[in-house]
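In what follows, every chain begins at residue 1, and chains take the letters A, B, ... in the order their sequences are listed. For the numbers below, each heavy atom of this structure counts, side chains included, while hydrogens, waters and symmetry mates do not.
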Amino acid sequence: AQSVTQLDSHVSVSEGTPVLLRCNYSSSYSPSLFWYVQHPNKGLQLLLKYTSAATLVKGINGFEAEFKKSETSFHLTKPSAHMSDAAEYFCVVYGNKLVFGAGTILRVKS
Amino acid sequence: DGGITQSPKYLFRKEGQNVTLSCEQNLNHDAMYWYRQDPGQGLRLIYYSQIVNDFQKGDIAEGYSVSREKKESFPLTVTSAQKNPTAFYLCASSGTGVFTDTQYFGPGTRLTVL
């Protein structure tokens with residue numbers, strides 16, 4: 001069975017500082033992993049996905065994530081936060097279905 | 001523009017009533033999905049459909065029903081049997097691979113039971 005744990009329910013950063021949203025996964029085989037973003041009262045938008053190609057995955061809006069098998073992690077990063085990045089972020093692992101993490105709410109302070 | 005539309009955006013229901021949420025896609029996707037989102041719980045799968053006239057229960061199907069008469073449409077009915085229906089409902093679609101292809105989401109319907 002697959003599972004995913006987002007280690008922080010809330011993250012707060014200042015505009016222009018780095019963003020780190022942490023995600024650990026559990027999978028009995030090589031997983032597919034995704035990060036989605038959701039702005040308030042909106043649907044989910046795909047940021048990036050990992051499907052066993054390069055371990056460093058680049059996504060939209062300057063986000064990237066690194067797949068680390070030894071640590072079973074897939075953390076999302078961005079070098080410099082922007083006010084428009086404030087949203088909820090979901091880490092997702094694919095097994096025989098998509099399994100969603102509980103979400104991390106990112107707050108960006110001006 | 002291609003995409004997924006959900007209507008209505010907000011829906012209010014009295015206890016004991018059935019309501020139907022609409023989901024339409026023009027992406028020519030075979031697979032469609034319904035999720036329920038509650039605060040702090042991520043998304044949970046209600047039903048999914050791989051092809052027309054076929055659908056499967058997800059993790060929390062009790063109190064819900066669906067139909068898939070057309071490729072473009074996958075309506076969800078929240079019945080009076082659903083004990084706690086107040087939530088945000090998201091519809092998604094993907095290509096031929098159920099759960100393997102990237103899922104694209106609609107804007108959601110927020111259902112409130114009065």
Side-chain angles (χ1 to χ4, degrees), chain A residues 1-11 21-27 29-53 57-60 65 74 76 87-106, chain B residues 1-11 21-25 27 29 31-50 55-61 87-95 97-112:
Chain A
Q2 286 72 38
S3 67
V4 60
T5 302
Q6 292 183 241
L7 300 171
D8 307 291
S9 60
H10 293 77
V11 170
L21 305 183
R22 299 182 295 163
C23 172
N24 287 352
Y25 70 89
S26 172
S27 177
Y29 47 85
S30 184
S32 292
L33 294 157
F34 307 79
W35 275 99
Y36 281 87
V37 61
Q38 183 181 33
H39 289 89
N41 292 311
K42 303 288 187 183
L44 275 67
Q45 180 184 19
L46 180 69
L47 275 178
L48 50 82
K49 65 178 179 180
Y50 166 78
T51 55
S52 75
V57 183
K58 293 189 183 300
I60 63 171
F74 189 57
L76 182 70
E88 188 164 15
Y89 293 78
F90 293 95
C91 182
V92 183
V93 62
Y94 165 67
N96 58 352
K97 62 181 180 181
L98 291 190
V99 177
F100 286 78
T104 297
I105 294 174
L106 175 64
Chain B
D1 290 335
I4 301 174
T5 57
Q6 292 185 242
S7 61
K9 186 172 182 179
Y10 297 96
L11 186 57
L21 282 60
S22 169
C23 177
E24 303 277 334
Q25 55 99 359
L27 300 169
H29 284 167
M32 297 187 74
Y33 314 80
W34 274 105
Y35 292 91
R36 171 182 171 137
Q37 184 177 23
D38 297 280
Q41 295 193 40
L43 275 67
R44 293 181 289 168
L45 182 65
I46 305 173
Y47 270 97
Y48 65 97
S49 168
Q50 189 168 2
F55 47 84
Q56 305 294 329
K57 292 182 179 180
D59 297 321
I60 56 165
F88 191 48
Y89 291 87
L90 287 160
C91 178
S93 70
S94 67
V98 173
F99 301 119
T100 55
D101 287 350
T102 299
Q103 292 189 17
Y104 295 88
F105 286 81
T109 292
R110 186 167 296 281
L111 173 63
T112 302

- [ ] Check each atom of A/Leu44 against the heavy atoms of chain B and say whether the ones under 4.5 Å are side chain, backbone, both or neither.
- [x] both
- [ ] Would you mind checking which part of B/Tyr48 comes under 4.5 Å of any heavy atom in chain A, side chain (CB onward), backbone (N, CA, C, O), both or neither?
- [x] neither
Open item on the list: Can you tell me which portion of A/Gln38 sits under 4.5 Å from chain B's heavy atoms? Options are side chain, backbone, both or neither.
Closed with: side chain
Open item on the list: Check this for me: B/Tyr104, atom OH, are more than 12 non-hydrogen atoms of other residues, nucleotides or ligands nearer than 6.0 Å?
Closed with: no
- [ ] Measure distances from B/Tyr10 to the heavy atoms of chain A and classify the residue's part below 4.5 Å as side chain, backbone, both or neither.
- [x] side chain
- [ ] Flag the one option from B/Asp59, B/Leu90, B/Leu45 with the top tally of heavy-atom pairs under 4.5 Å to chain A.
- [x] B/Asp59
TODO: Indicate yes or no: at least one non-hydrogen side-chain atom of A/Tyr36 is less than 4.5 angstrom from one of B/Gln103.
DONE: yes
TODO: For side-chain contact (heavy atoms from CB on, under 4.5 Å), just list the numbers for A/Phe100 and B/Arg44, CA-CA rounded to whole Å, side-chain angles, deciding distance to a tenth of an Å, and then say yes or no.
DONE: CA-CA 8 Å; A/Phe100 286 78; B/Arg44 293 181 289 168; over 6 Å; no
TODO: For each of B/Gln37, B/Arg110, B/Gln41, tally heavy-atom pairs with chain A at distances under 4.5 Å, and name the one with the top tally.
DONE: B/Gln37
